[in-house]
Student: 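Following this message is one structure expressed as structure tokens.
Everything quoted here is computed from the prediction, not taken from an experiment. Note on naming: letters A, B, ... go to the chains in the order of the sequence lines (proteins, then strands), and numbering restarts at 1 for each one.
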Amino acid sequence: MSVVTRFPPSPTGHLHLGGARTALFNFLFARHNKGKFILRFEDTDKERSREEYVESIKEALLWLGLNWDEGPYFQSKRLDLYQEFAKGLYEEGKAYYCECSKEELEAKKKAQMEKGLKPRYDGTCREKGLSPGPGRALRIKIPEDISEILFEDLLRGKIVFPPDEVDDFIIFRSDGTPTYQFAVVIDDITMGITHVIRGDDHISNTPKQLMIYKALGAKPPAFAHIPMVLGPDGARLSKRHGARSILEYREEGYLPQAVVNYLARLGWGYGDQEYFTLEELIEKFDLARVNLSPARFDPEKMLAFNAYWIKTLDTAEILKNLKPFLKNYPLERYSEEYLIAILEGVKPRVKTLKEMAEMIDFYLLEEIEPDENAREKYLTEKIKPLFVKLISDMDSLSFENEKKLEEEFRALAEESGVKLKELAQAVRVALTGKTISPPLFEVMKLLGKERVKRRLERALNFIT
RNA sequence: GCCCCCAUCGUCUAGUGGACUAGGAUACUGGCCUCUCACGCCAGAGACACGGGUUCGAAUCCCGUUGGGGGCGCCA
């Protein structure tokens, strides 16, 4: 039997790290087993579901490289199907209509909780034999003779629930829409899902779903409940830590490779290996190596992974990802080769693409505005004569050869009684406007004689 | 309250009864490299939650305690 997995987000918010990791694991498991990965939107909550979230979730998935093989399906477009299954259960006497009001149910639940009991439906309408009608919800009729409810989790082994775990819960709302519990089961059955890989917050939902499978006489899929992703403080992921949209990370200058790699390592390990490409993950991913305990999201480590992939990936690939951050520069003036040469020098110096774009601005702009503090500190009277000499000797400098250029600078510094360090910093500020930059002689080479000369001349004005 | 899941450095993890003086990554500290800042390299500090068992032997198996997480919707 070939493997079929699915990722079923509800379009009530953006895709965040937790959801992305669930999607990733489903994707990896399917691809590893040469199976199919299905995308399905669980949008039965009409109040909260929004089209814009459908789009942003799809975009985020695609950006991460998690292409689905089938779908996206929408539960909202499959109502007929759910109704058909529900009708079947009702006609077989495996479900019944209930006319209890929400208020009544709420009050009963509260009373039960106060008595220390597990809140469960008391069966008021169970034997009333009600027919379908307005304001009536359909409840599943849980057999009285069930003993314990159990299933075999792929990661955790046998999980057992006491028989009173499940009550006659609602499978179809009085407004004619299916509840989550019912829709997932029908979808998973009809889509031929073989493996349900989801957060362990769904463990306690599983008994309910198993009762639906049983009522339908269908064989449940295999379940693998993966641990949840927690915020840095150990609390559930919320807006203020990790629950930001995946797309926000893209905007902050993260590489999809880094996010995927980091996410894969949250709750999964492969010996001492830390860095994986998507292809490698597909090859090596294995449910048996998934951890059981919840993992905290550590922004610092994800940043470090991003820095690693920025300096490791092909520069052409980096450039492709960097371009959106270069909107404000006259890119058309520069060749692809030139841009790549520039990037080589900054790759090991930045942690995000955003930082990268900022660091290379002096290469792309015609004029730069040296930082005020840097100017005061390094563009001093003392180095003024050196600048003058550099400008007049410009034509004799070995721009094309970084090593030689460095020697020439050393000689100049020595004969003027200045440390190379002082000279270099002054020139760096004049050329880049910053005290931090790629190696100076690389900068000069890439900037070219003309721009170097102009910037040194301009810097002289700042000194006087 | 009831039910379920989980437990190795701060964090992510390796570890599947002897190879553990518990390994790697990240973060942190010190050093080297050096025209700046990074990268890189070297070194350091840092963990098996606790208590009982089982066993010749336990981070690894069992039980309990504690701690953390999740669920108990006409949300998903």
Student: Write down the distance between CZ (A/R265) and P (B/A25), rounded to a whole number of angstrom.
Tutor: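 After rounding, the gap between these two atoms is 11 Å.
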Student: Does B/C2 have a Watson-Crick or wobble partner in any strand here, with both distances under 3.5 angstrom, and which is it?
Tutor: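 The base-pairing partner of B/C2, which may sit in any strand shown, is B/G71.
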Student: Can you tell whether the side chains of A/D188 and A/R40 come within less than 4.0 Å, N to carboxylate O?
Tutor: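 Salt bridge: yes.
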Student: How many Å lie between CG on A/D298 and P on B/U13, as a whole number?
Tutor: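 Going from CG in A/D298 over to P in B/U13 covers 11 Å.
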Student: Tell whether A/K301 reaches the base of B/A25 with its side chain through a donor-acceptor pair below 3.5 angstrom.
Tutor: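 Checked by distance alone, the answer is yes.
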Student: Applying a 3.5 Å limit to both distances, which nucleotide forms a Watson-Crick or G-U wobble pair with B/C39?
Tutor: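 Pairing partner: none.
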Student: Please state the P separation for the pair B/C28 and B/C33 - nearest whole angstrom.
Tutor: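 About 22 Å, rounded to a whole number of Å.
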Student: Using whole Å, what does the distance between atom P of nucleotide B/U26 and atom CD of A/E300 come to?
Tutor: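 For the pair A/E300 CD and B/U26 P, the rounded distance is 12 Å.
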Student: Find the partner of B/A45: check Watson-Crick (N1-N3 plus N6-O4 or O6-N4) and G-U wobble (N1-O2, O6-N3) distances, both under 3.5 Å, and reply none if neither fits.
Tutor: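 Its partner: none found.
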Student: I'd like the C1' distance from B/C50 over to B/U13, given in whole Å.
Tutor: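 The same atom, C1', in both gives a distance of 23 Å.
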Student: For atom CD of A/E152, decide whether the heavy atoms of other residues, nucleotides or ligands shown that lie under 6.0 angstrom number more than 12.
Tutor: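 Result for CD/A/E152: enclosed.
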Student: Can you tell me how far P of B/U26 sits from CZ of A/F305, to the nearest Å?
Tutor: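 Rounded to the whole Å, the gap is 8 Å.
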Student: P atom, B/G71 versus B/G31: distance in rounded Å?
Tutor: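 Looking at atom P only, B/G71 and B/G31 are 49 Å apart.
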Student: Could you work out the separation of B/G44 and B/A27 based on their C1' atoms and round it to a whole Å?
Tutor: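 Looking at atom C1' only, B/G44 and B/A27 are 14 Å apart.
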Student: Under a 4.0 Å threshold between the charged nitrogen and the carboxylate oxygen, would A/R349 count as salt-bridged to A/E355?
Tutor: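 Here A/E355 does not pair with A/R349 in a salt bridge, since their nearest N and O are not under 4.0 Å apart.
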Student: Reckon A/L303 touches a base, only the sugar-phosphate, or nothing at all at heavy-atom distances under 4.0 Å?
Tutor: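 Since no nucleic acid heavy atom lies under 4.0 Å of A/L303, the category is nothing.
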Student: Whole Å only: how far is the NZ atom of A/K108 from the C1' atom of B/G1?
Tutor: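 Distance, rounded to whole Å: 20 Å.
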Student: For the residue pair A/F41 and A/F74, does the interplanar ring angle fall in the parallel (under 30°), tilted (30 to 60°) or perpendicular (over 60°) class?
Tutor: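 Taking A/F74 first and then A/F41, their aromatic rings lie parallel (interplane angle under 30°).
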Student: Take atom C1' in B/A47 and the same atom in B/C35, then report the distance between them in whole Å.
Tutor: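 It comes out at 42 Å once rounded to the nearest Å.
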Student: Are any of A/N291's side-chain N or O atoms less than 4.0 Å away from OP1 or OP2 of B/A14?
Tutor: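 Affirmative; the distance criterion is met.
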Student: Given that A/Y270 and A/L155 both sit by RNA chain B, which one's nearest nucleotide is further toward the 5' end?
Tutor: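 Whichever sits nearer the 5' end wins; that is A/L155.
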Student: Assign A/V160 to base, sugar-phosphate, or nothing according to its heavy-atom contacts below 4.0 angstrom with the strands shown.
Tutor: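 The residue A/V160 makes sugar-phosphate contact but no base contact.
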Student: Using a cut-off of 6.0 Å, state whether more than 12 heavy atoms not belonging to A/K419 lie near its atom NZ.
Tutor: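 Open: at most 12 neighbouring heavy atoms sit under 6.0 Å from NZ of A/K419.
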Student: Out of A/D43, A/T177, A/D187, which one pairs with A/Q75 under the side chain to side chain donor-acceptor pair (under 3.5 Å) rule?
Tutor: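 Exactly one option meets the side chain to side chain donor-acceptor pair (under 3.5 Å) with A/Q75, and it is A/D187.
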Student: Produce a footprint string for nucleotides 31-44 of chain B: one letter per nucleotide, 5' end first; B if the base is under 4.0 Å from any protein heavy atom, S if only the sugar-phosphate is, - if neither.
Tutor: ----BBBBSS----
Student: Under 3.5 Å, is there a donor-acceptor pair between the side chain of A/D168 and the main chain of A/K141?
Tutor: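 Not at all, since once roles are kept as given, no pair shorter than 3.5 Å links the two residues.
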Student: Within this structure, what is the CG-to-C1' distance between A/D164 and B/G1, rounded to whole angstrom?
Tutor: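 Checked: the CG to C1' distance equals 14 Å.
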Student: Determine which nucleotide pairs with B/A25, using a 3.5 Å limit on both distances of a Watson-Crick or G-U wobble pair.
Tutor: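 Base-paired to B/U11.
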Student: Could you tell me whether A/E84 and A/K87 make a salt bridge, using a distance below 4.0 angstrom between a side-chain N and a carboxylate O?
Tutor: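 So A/E84 does not pair with A/K87 through a salt bridge.
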Student: Would you kindly give the OH-to-P distance between A/Y275 and B/G24, to the nearest whole Å?
Tutor: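 Distance, rounded to whole Å: 14 Å.
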Student: Between protein and nucleotides 67-76 of chain B, map the contacts as a letter string: B base, S sugar-phosphate only, - none, heavy atoms under 4.0 Å, written 5' to 3'.
Tutor: --SSBBSBBB
Student: Would you mind classifying the nucleic acid contact of A/G267 as base, sugar-phosphate or nothing, using non-hydrogen atoms under 4.0 angstrom?
Tutor: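 Answer is sugar-phosphate: A/G267 comes under 4.0 Å of backbone atoms only.
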Student: P atom, B/U8 versus B/G15: distance in rounded Å?
Tutor: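 The answer is 14 Å between these two P atoms.
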Student: Between B/G40 and B/U16, how many Å separate the two P atoms, rounded to a whole number?
Tutor: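 Their P atoms lie roughly 30 Å apart.
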Student: Should we count NZ of A/K94 as having more than 12 external heavy atoms under 6.0 Å?
Tutor: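 Result for NZ/A/K94: enclosed.
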Student: What's the separation between atom CD in A/Q425 and atom CD1 in A/I436, rounded to the nearest 0.5 Å?
Tutor: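 Output value for this atom pair is 9.0 Å.
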Student: What's the CE-P distance between A/M302 and B/A27, to the nearest Å?
Tutor: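 Whole-Å distance recorded here is 14 Å.
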Student: Take atom P in B/C63 and the same atom in B/U26, then report the distance between them in whole Å.
Tutor: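 Looking at atom P only, B/C63 and B/U26 are 38 Å apart.
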Student: Once you measure the plane-to-plane angle for A/Y308 and A/Y275, does it fall in the parallel (<30°), tilted (30-60°) or perpendicular (>60°) bin?
Tutor: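 Judged by the thresholds at 30° and 60°, the geometry between A/Y308 and A/Y275 is parallel.
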